[in-house]
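Dropping a structure here in structure tokens format, bear with me for questions.
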Amino acid sequence: MKIAFASSSKGGLDDKVSDQFGRCPTFTIVTVENGKTVNVVAVENPGHKAVSGAGIKAVQKLIDEGVDAVVAGNFGPNAEAALYEVGIKVYVMKDLTIKEALDRILSEK
Amino acid sequence: MQPNRYLEFVVASGKGGVGKSTVSSTLIMYLHRRYGNVIALDADADAPNLHLIFNVAKWDYEKPYVASKTAYIVEEKCVDCGLCADVCVFNAVKEINGHYVIDEVLCEGCATCAYVCPTRAIRLRTSESGKVRMAKTKYGFTLISAELNVGKPNTGKLVTEEKELARKIAKNNSLVIVDSAAGIGCQVIASIAGSNLAILVVEPTPASFSDFKRVHKLAMHFRIPSVLVVNKYDINEGFLRKIEEYASSENIEILGYIPYDDVVPKSMTMLKPLIEAFPNSKASKALLNVAKGVEEIYVNWDSWKTKHMPRRYAPYRPKIIKPSKIY
Amino acid sequence: MVKIAVTGGKGGTGKSTLAVNLAFLLAEQRDLVLADLDVEAPNDHILLSVELEGREEVRIMTPIFNLKTCIRCGVCAYACPDSAILLTKTKLPVLIPTMCSGCRACYFACPTRPKAVIEGYRVVGYTYETKVTFGNVGFVLVTGVLIEGEERTYPVTLATLRRAQRKVRDVLIVDTSAGTSNSVAASLENSDLILAVTEPTPLGIHDLEMILRLSREIGADRVWVIINRSTIAPNEPVIKIAEKYEAPIIAKVPYSKEIVESYVRGKPLVLINPASTVSKSIRDLARKVTEVI
């Protein structure tokens, strides 16, 4: 499965999970197979500099990337509603690096 | 010690005229004096007023906010069929002597009329719907404010633009104090979204109480903890109990009680924040206590927040009803 | 039908209090409907201590996508002015209902036949119709309430206004929301008389100017200004603005704690304390209103 992490700066496992979903600069997308990390990529978030509808633009990006779950510190109500409608699982996590957040999700399973 | 992070506190009330701006202007003045890191944000684009309280004479930065589109009919192409008027759900197409015109004040720019027009006589144009502005006040902090042109749909986007501007000029330890718009509509949702703490202002009247509860639910929706300030508590002490009962059942801390005081409207006519104009008045003293309460929360932010997270509130999901017959 | 709008720009200037008292006084002689159009925070029924009755739904069109006929072209998402439609990886449209304004652009834009956009609806608010009686004086209160979580006031305001207009035979008083948005503009439309309530503070004056500008823009021909809490500060700045827009100042209502008392008791002040100075100035205003209608 693919998990996207809202990232505070340029993305990557050492970056921090962003407090903002819709307006974070990048998403770090981690592909996990059988509990193992097989691929890590950082993609730009089109919502970062959007005038309006940032959350929705971010969701559209995640759909296009084929993501199954997403992690951020906060989700706006519209973004949360959109993620619910398209069936992307939402995790709220704050003040963690992406690696720590990933470990937490993997240990849950 | 102030926390080394960007925080945003929003002052909201639902009902207008209950003292929201008096509370927020006090917090801005007090916390800026103490920490020098405050950015004031007036989110009430419908009726902005912090620039009046802080006596801003001119703006250092002004940016037109072009968002709303409105439709217009190209007369030469129009055959007066009236289809546009039939489909407009906003009642914005008016018939005058058999001809159709679009009322730009009512038009939401959805372009539905343009899709149905058989002669393609309807076009869209963008118009300036407001302004986002910024100024350094004489008290040393920056004020971000917005103003909506009359008759333009109120929008959360304008508030989001203001918040974006605040983030741009902020340092990583800035404290943004947002004076929310009134009501519970999209501009209030935008005011509250992304904030860390909701400071709710209520006065002991049934109308204010019912509005306060609605805004509180909104804050819960965003998982934002709330604290409460009771303004003009002495105008109706019998009603206080109801507010207190609700606050204690919802784990909302009451930060203070402000008495009714004639100096409040007087300070407004002087274009000064109350604690500057009448520092020794009973209202100022009570407000300063509230500000100290907020400061207490601010300096202990991380531990305070974990203790005061609101309960999980089921998100609103509208039910969509299908027509009985599908062709 | 005569339409009187009570408005004022700023919140908390006493619009609802004035509307309720005026409704009571005019209802002594006329057949009257009072419409509470402040749908985000309707208060008139609280001031009158009545339970709302006669609930009707306010529906707005909400698209449902027929996946059998959808050709996955993505035009609906492109047409949506509110970016309320997302496209899945296979270009199937998905709606985020709370963002949809019900404008039907997607329905008309959909190029397939039969259309893949089906017109469903959702409830965004309610309107109510409540009988209000005090002794032998009675009138009908029509109230609009926006559902919590819904963002768009305009459809509910419009539905409330329409219900009130269907009901009214003689006099309609509308109590608008604060501000100068298009909901307020729609509330003010076709008014025979606009009463702009303000207070003599810079904020009140600022907002009064906005509402006078809006009144001018929608072509209102009779606008009167009422200074509420007139005793808290000098009135000259209000007078200056009113003159600029050629709107006469028709009444000054002094500040008084009696108003609060009437809140608590849930009855119009003119009824429970007819001899007070506030009641007198409102009654004086009602007389002037009666003369022109």
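Please read these numbers as outputs of a predicted model, since none were measured by experiment. Within every chain, numbering begins at 1; the chains are lettered A, B, ... in the order of the sequence lines, protein sequences first and strands thereafter.
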Does atom CZ of C:Arg113 have more than 12 heavy-atom neighbours, drawn from other residues, nucleotides or ligands, at distances under 6.0 Å?
-> yes
Do you know which two heavy atoms are closest between C:Ile46 and B:Ser210, and how far apart they sit?
->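 The pair with the smallest heavy-atom distance is CD1-OG, 4.0 Å.
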State, with a plain yes or no, whether a side-chain heavy atom of C:Val123 is found less than 4.5 Å away from one of B:Lys319.
-> no
Could you look at C:Ala109 and say if it's the side chain, the backbone, both or neither that has a heavy atom under 4.5 Å from chain B?
-> both
Side chain, backbone, both or neither of C:Pro200 within contact of chain B (heavy atoms, under 4.5 Å) | backbone
Search all heavy atoms of C:Cys103 against all heavy atoms of B:Val89 and return the closest pair with its distance.
-> CA-CG2, 3.9 Å
Could you tell me whether B:Tyr115 and C:Tyr78 have their ring centroids closer than 6.0 angstrom?
-> no
Heavy-atom side-chain contact between C:Leu158 and B:Asn91 under 4.5 Å =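 In short, these two side chains touch, coming nearer than 4.5 Å.
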Quick one: closest heavy-atom pair of C:Asn182 and B:Val105, and the distance?
-> CB-O, 3.3 Å
Given the options C:Gly204, C:Gly120, C:Ala105, C:Pro81, which has more heavy-atom pairs under 4.5 Å with chain B than any of the others?
->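 Of C:Gly204, C:Gly120, C:Ala105, C:Pro81, C:Ala105 has the most heavy-atom pairs under 4.5 Å with chain B.
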Closest heavy-atom contact between B:Val87 and C:Arg104?
-> O-NH2, 3.2 Å
Mind ranking C:Ile232, C:Ile64, C:Val124, C:Thr62 by heavy-atom pairs under 4.5 Å with chain B and telling me who comes out on top?
-> C:Ile64
Return yes when atom CZ of B:Arg241 has more than 12 non-hydrogen atoms of other residues, nucleotides or ligands closer than 6.0 Å, and no otherwise.
-> no
Counting only heavy atoms closer than 4.5 Å, note whether B:Pro204 contacts chain C via side chain, backbone, both or neither.
-> neither
Specify whether B:Tyr260 and C:Tyr255 have parallel, tilted or perpendicular ring planes, treating 30° as the upper limit for parallel and 60° as the lower limit for perpendicular.
->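 B:Tyr260 and C:Tyr255: parallel rings.
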Which bit of C:Arg216 comes within less than 4.5 Å of chain B, counting heavy atoms only: side chain, backbone, both or neither?
->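 No part of it gets close to chain B.
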Side chain, backbone, both or neither of C:Leu95 within contact of chain B (heavy atoms, under 4.5 Å) | side chain
Pick one of side chain, backbone, both or neither for C:Tyr154, based on which atoms fall under 4.5 Å of a heavy atom in chain B.
->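 The answer is the side chain of C:Tyr154.
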Top of B:Lys266, B:Lys232, B:Glu147 for chain C proximity - count of heavy-atom pairs under 4.5 angstrom = B:Glu147
Measure across B:Arg214 and C:Ile147 and return the closest heavy-atom pair with its distance rounded to 0.1 Å.
-> NH2-C, 4.2 Å
Taken to the nearest 0.5 Å, the spacing of C:Ser183 OG from B:Leu106 CG works out to 9.5 Å
Sidechain N-carboxylate O distance under 4.0 Å for C:Glu189, B:Lys94 = yes
Heavy atoms of other groups near B:Lys69 NZ, more than 12 under 6.0 Å = no
State, with a plain yes or no, whether a side-chain heavy atom of C:Arg122 is found less than 4.5 Å away from one of B:Ile321.
-> no
For residues C:Phe108 and B:Cys113, determine if any side-chain heavy atom of one lies less than 4.5 Å from a side-chain heavy atom of the other.
->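 The answer is no; the side chains never approach within 4.5 Å.
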Is it the backbone or the side chain of B:Asn49 that comes under 4.5 Å from a heavy atom of chain C, or both, or neither?
-> both
Evaluate the side-chain proximity of B:Lys322 to C:Ile118: yes if any heavy-atom separation is below 4.5 Å, no if none is.
->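 Not in contact.
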